[in-house]
Peer 1: 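Quick one: this structure, given as structure tokens, is what I'll be asking you about.
First listed ligand is number 1; within each ligand, the first listed atom is number 1.
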Amino acid sequence: MLARRIAELGAGEHTKVYELSFWSERLLAWAMAHPDFKTQLFRFVDVFPATVGNQDVVRHLQEYFGHTGAPRLFELGVGLADRARLGRSVSASVARRNITRMAEQFIVGSSAASAVPGLHRLWRSGSAFTVDLLGEKTVTEDEADVYAGRVTELMDTLVAATAGWAPDDLLEFDDLGAIPRVNLSVKPTALASLYSPLTREEGLAQARARLGPIVGAAAKHGVYVHIDMEHYDAKDLTLQLVREVLDGVDVDAGVVVQAYLKDSYADLTDLVAWSAGRARPITVRLVKGAYWDAETVTSRANGWPAPVFSDKAHTDANYERCARLLLDHHGSVRAAFGSHNLRSLAYAVTYARAQGLPDSAYELQMLYGMAEPMQIAIKRLGLRLRVYAPVGELVPGMAYLVRRLLENTSNESFVRHRFAEGADLESLIAPPAVDRIPDSSPAARRSPTDAVAPAPYQPEPVREWRRASVRAAFSVAVAAAGRRPPIDVPMIIGGGGDRTADRIVSPDPGCPDRIVGLAASADVSDVDRAVAAAGAAGERWAHTPARERAAVLWRAAENLRARRDEIAALEVFEAGKPWAEADADVCEAIDFCEYYGREMVRLDAGGAVQSPPGEANHLSYRGRGVGAVISPWNFPLAIPAGMVCGALVAGNSVVFKPAEQTPATALALVEALEAGGLPAGVLNFVPGLGETAGARLVAHPDVSFVAFTGSRAVGLGIVADAAVHRPGQRDVKRVVAEMGGKNAVIVDADADLDQVVPAVVASAFGFAGQKCSAASRLVVVDAVYEALLERLTGAIAVLPVGHPAGMGVQVGPVIDAEAADRIRGVIASCGQRLVVRREDVPSTGWFVGPTLFADVDPSSSLAREEIFGPVLAAFPATSFEDALTLANDTDYALTAGVFSRSPAHLRLAAEELRAGNIYINRGITGAVVGRQPFGGYGLSGVGSKAGGPDYLLGFMNPRAVTENTLRQGFAPDT
Ligand code: NAD
């Protein structure tokens, strides 16, 4: 009834978003009907503020729409078709005017002062307001300070400006008492540079330090502060922040609950209980949630259960359930219902009335510039309406604008259905058809692979660190690993474990006095025995059916899953890996087992060849014999897992020499394969020194191939040594060598710096830059060079550096003392502009802080040679083309990245960048098996890509068998 009444009262009113101008209206209509065009339109709107001058606007217009089926109207509007007649400046200014108008539709003013008249208009029309400050993503502490300063300024401006406004009892009182006139909405992520699950403590402390004074000032001035809710990653932090900051403070304040979250009902229950104990109840703004697409995409990509309901009806039903909870506890808590869905709002109002609550007991909230007919109707009904009104400049406002456009054009949008499509009211206000609202989902868990019918390969989901239970479980594992006595790492030959007189000591690089592993040190004769054992066991293994070999890998994967936290925690101490990096290394090892197992089953069916009448041809693959696997320390489980499992499943036996620095982690791989049922002798484990055990393995005449990952110097030596034919040797040794890189990230003039800064920080300094794929060169188009460096400097300066056992540590230690000294040498000797340098943070351990050099000479050693550790060299380029040339000017060709919003530049980069892995508009590390087959060329590597469909072929000999099927003129039917 009520929903119909609201619709009636709003009838005849218009919603402006679909009536902006002829041009914009047609554009949105076309976008709703053509999803590809919608993507291009939103991307253009997104890049628009970064364009400089008319020519640049027109270039982007052409790149985005020049070749699409854009409507003729659109072409006319922006003058693409009539460019000759209208000229560039007209095209650009039409686009500029219309985009600005679209933005103005949703933004009340560009600054506090300029927003006042618009807010006053709202007030006079009978609407309360809450003001939200739009801003860039906060990546530095300076930016967080600026945001906090803007909030304070906004508060002061509005307190002064609203003092003389006419009173309005409806807007200024509810049944519990007075309601402040000035109402601010604050984004916690803008108050802290480290506001994320793994830097939780640091992020909360930063946010507290800024929100506390804001709340204090609000209490003093009688201003209301609402703490907004954003992405799910930040939800638990924000709930904690709210309690920490508001506890004991007598202030009008509130928080958001997003009904699309499966957790929301439980969170709301807790909030209501907490609020009941306060002197002044908090307000809960109940919304559906604005990040559904992003939450869904992120979760699906990571293999996590989505935190949001996938079915819109569940969100709607949950909204109503939460509304009941809120209204049932009116007095302990105040309710605000934020929605443009007529049914949801009408439900809340009707339920409140049924409980005997006066209409003033709650309020309804809507966004500035959206669903105006409903806003008018709600006011006509005498209900309190509050309008969420953003204030800010166009550039940082773009993300907000795109979100609003998305909302207005989404298939699920009530506003679209009602106001753009005039959908039937009865169907729109029908109750959500739901039997049961789903509960929160537990953390992802994969089931073991069925060897008979394996499901398609999917990467192992990395830990969902935003879950408290996941963090707690891992911290228990880390504590246990920290207490563990040194792990005894034997050499394992022919199934038997042996110690040696000499031992390899593997210390914790973050605390060198702690010994993590004590390993055997194989000598030349041990290696010879290992090769012999591999040879003896190899024949039987080679004849084991491919599916059985694959099943060993799948069972090994299950063993790694069972020991996942334990092994990752071990890496935290033995390899100096921060939590997330350590977990990702174990996941990648599991992925190699799962992926190569399936690949072998595929290859076992044979290769595609023709068989003409009278002839049967068959192309099959066999293992090559005994393989040597030599691995580095920086991915102590995953890289050897890839090489060992690839070689084994292809039908070879293996002698595996791990890196000296990480033998204990390597042992976990051997144990997993043993647990998976690998017969004794098929895998032999010889921890030892590279120059002796490694060199002997490469030179051994019975070794038929070498799989190596490590440095360029050692790799080239291995390639040369393996080429020598030695007495008794029956194979030309094949070498698969993955070596180093000097990886560049290019930043174009129109790149989104909000996206660039976190991605470059993670690529350059995640795990102390000790990844072969790490960014070590930053090539920036002149126009944004200084701006980027300034933001990057601030973002690097806050990176926590320390022992990775402590949660929140972003940058772990450098793996050994010698490498640390080498890096310090480079830093000391370099004459470039040093922008950030944080060195030797803890007193023990081999730490070098993240270091950024600016204005580096592109031909200097700093820009060309591999320097381990967290060192990034930045230099400007005169144009995008110049940036490509500079990026390509290296012997290496491993990974490269480009940030740009120019489709033409992205195509050019994808075509021209000299690298085995090219990443567009994202970080350049973290390749996933089966998604980004990994490996370089040039002096970065030889062989095929790990984790890709060609990899196993490198460990096999292809054999073609041809049979003449014609006998006495008779051939079987084919
Ligand atoms: P490293 O070359 O020093 O050692 C790698 C392995 O080679 C170790 O097991 C070592 O004992 C062994 N070795 C050393 N000398 C040897 C010799 N003469 N004969 C045979 N084996 C010998 O490399 P590292 O420091 O352990 O690893 C870091 C390097 O690995 C970096 O250059 C990094 O870029 C590279 N890396 C490349 C990739 C890739 O996929 N391209 C991946 C990870 C690491």
Peer 1: What protein heavy atom sits nearest atom 23 (O) of ligand 1, and how far away is it?
Peer 2: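 Protein heavy atom at minimum distance: Ser711 N, 3.4 Å.
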
Peer 1: Can you find a heavy atom in the side chain of Gln770 that is under 4.5 Å from one in the side chain of Glu581?
Peer 2: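 Of all side-chain heavy-atom pairs linking Glu581 with Gln770, none is under 4.5 Å.
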
Peer 1: Could you find the nearest protein heavy atom to atom 42 (C) of ligand 1 and give me its residue, atom name and distance?
Peer 2: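 Result: Cys772 SG, 2.9 Å.
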
Peer 1: Tell me which protein heavy atom sits closest to atom 12 (C) of ligand 1, plus the residue, atom name and distance to 0.1 Å.
Peer 2: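 Atom 12 (C) of ligand 1 sits closest to the protein heavy atom Ile630 CG2, 3.5 Å.
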
Peer 1: Roughly how far, to the nearest 0.5 Å, is the SG atom of Cys645 from the OH atom of Tyr951?
Peer 2: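 Atom-to-atom, Tyr951:OH and Cys645:SG are 10.0 Å apart.
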
Peer 1: Could you say whether the N/O atoms of Arg712 and ligand 1 ever approach to under 3.5 Å?
Peer 2: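 No; every N/O pair is 3.5 Å or more apart.
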
Peer 1: Any idea which protein heavy atom is nearest atom 33 (C) of ligand 1, and the distance to it?
Peer 2: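 For atom 33 (C) of ligand 1, the nearest protein heavy atom is Glu866 OE2, 3.6 Å.
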
Peer 1: Do Leu913 and Ile746 have side chains that approach each other closer than 4.5 Å (heavy atoms only, starting at C-beta)?
Peer 2: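 Side-chain contact under 4.5 Å: yes.
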
Peer 1: Nearest heavy atom to atom 24 (P) of ligand 1 wins, so pick from Phe868, Phe708, Phe934, Trp633.
Peer 2: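 Going through Phe868, Phe708, Phe934, Trp633 one by one, Trp633 has the nearest heavy atom to atom 24 (P) of ligand 1.
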
Peer 1: What I want to find out is whether Asp528 reaches Arg696 closely enough, with some N-O distance under 4.0 Å, to be called a salt bridge.
Peer 2: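 Here Asp528 pairs with Arg696 in a salt bridge, since their nearest N and O are under 4.0 Å apart.
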
Peer 1: Would you mind running through ligand 1 and noting each atom that sits below 4.0 Å from a heavy atom of Ala659?
Peer 2: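 By the 4.0 Å cutoff, the relevant atoms are 9 (O).
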
Peer 1: Heavy atoms only, cut-off 4.0 Å: how does Thr709 contact ligand 1, side chain, backbone, both, or neither?
Peer 2: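 Within the 4.0 Å criterion, Thr709 contacts ligand 1 through backbone and side-chain atoms alike.
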
Peer 1: Is the shortest side-chain N to carboxylate O distance from Asp523 to Arg529 below 4.0 Å?
Peer 2: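 Salt bridge: no.
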
Peer 1: Under a 4.0 Å threshold between the charged nitrogen and the carboxylate oxygen, would Glu460 count as salt-bridged to Arg463?
Peer 2: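 Not counted as a salt bridge, because no side-chain N and carboxylate O are separated by less than 4.0 Å.
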
Peer 1: Under the 6.0 Å and 45° cation-pi test, does Arg514 pair with Phe573?
Peer 2: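 Pair Arg514/Phe573 does not count as cation-pi.
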
Peer 1: Assess whether a salt bridge exists between Arg726 and Asp721, defined as any Lys/Arg side-chain N lying under 4.0 Å from an Asp/Glu carboxylate O.
Peer 2: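 Answer for the salt bridge query: yes.
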
Peer 1: Would you kindly specify which portion of Met739 sits under 4.0 Å from ligand 1, judged on non-hydrogen atoms: side chain, backbone, both or neither?
Peer 2: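 It is the backbone that gets close, since no side chain atom is under 4.0 Å.
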
Peer 1: Which residue and non-hydrogen atom of the protein lie closest to atom 18 (N) of ligand 1, and at what distance in Å?
Peer 2: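 Result for atom 18 (N) of ligand 1: Gly690 O, 3.9 Å.
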
Peer 1: Where's the contact between Asn634 and ligand 1, heavy-atom distance under 4.0 Å: side chain, backbone, both or neither?
Peer 2: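 The answer is the side chain of Asn634.
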
Peer 1: Roughly how far, to the nearest 0.5 Å, is the CG atom of Leu778 from the CZ atom of Phe899?
Peer 2: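 Between Phe899 CZ and Leu778 CG, I get 9.5 Å after rounding to 0.5 Å.
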
Peer 1: Just jot down the ligand 1 atoms closer than 4.0 angstrom to any heavy atom of Ala695, in number order.
Peer 2: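 Here the atoms of ligand 1 in question are 19 (N), 20 (C).
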
Peer 1: Does Phe635 have Lys577 sitting over its ring (NZ/CZ under 6.0 Å from centre, angle to axis within 45°)?
Peer 2: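 The answer is yes, since Lys577 meets both limits relative to Phe635.
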
Peer 1: List the closest protein heavy-atom neighbour of atom 20 (C) of ligand 1: residue, atom name, distance to the nearest 0.1 Å.
Peer 2: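 The protein heavy atom lying closest is Gly694 C, 3.3 Å.
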
Peer 1: Quick one: NZ on Lys657 to CG on Asp526, what's the gap to the nearest 0.5 Å?
Peer 2: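 Reported to 0.5 Å precision, the distance equals 13.0 Å.
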
Peer 1: Go through ligand 1 atom by atom and flag the ones less than 4.0 Å from a non-hydrogen atom of Ile639.
Peer 2: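 Counting from 1, the qualifying ligand atoms are 42 (C), 43 (C).
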
Peer 1: Return yes when at least one protein heavy atom is under 4.0 Å from atom 2 (O) of ligand 1, and no when none is.
Peer 2: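 It does: a protein heavy atom is found less than 4.0 Å away from atom 2 (O) of ligand 1.
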
Peer 1: Just to confirm my output: which protein heavy-atom neighbour is closest to atom 10 (C) of ligand 1, and how far is it?
Peer 2: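 Protein heavy atom with the smallest distance to atom 10 (C) of ligand 1: Glu660 OE1, 3.6 Å.
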
Peer 1: For atom 8 (C) of ligand 1, tell me which residue out of Gly710, Ser631, Pro632, Ala722 has the closest non-hydrogen atom.
Peer 2: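 Checking each option, the heavy atom nearest atom 8 (C) of ligand 1 is found in Ser631.
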
Peer 1: At a non-hydrogen distance cut-off of under 4.0 Å, which region of Pro658 contacts ligand 1 (side chain, backbone, both, or neither)?
Peer 2: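 The part of Pro658 near ligand 1 is the backbone, not the side chain.
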
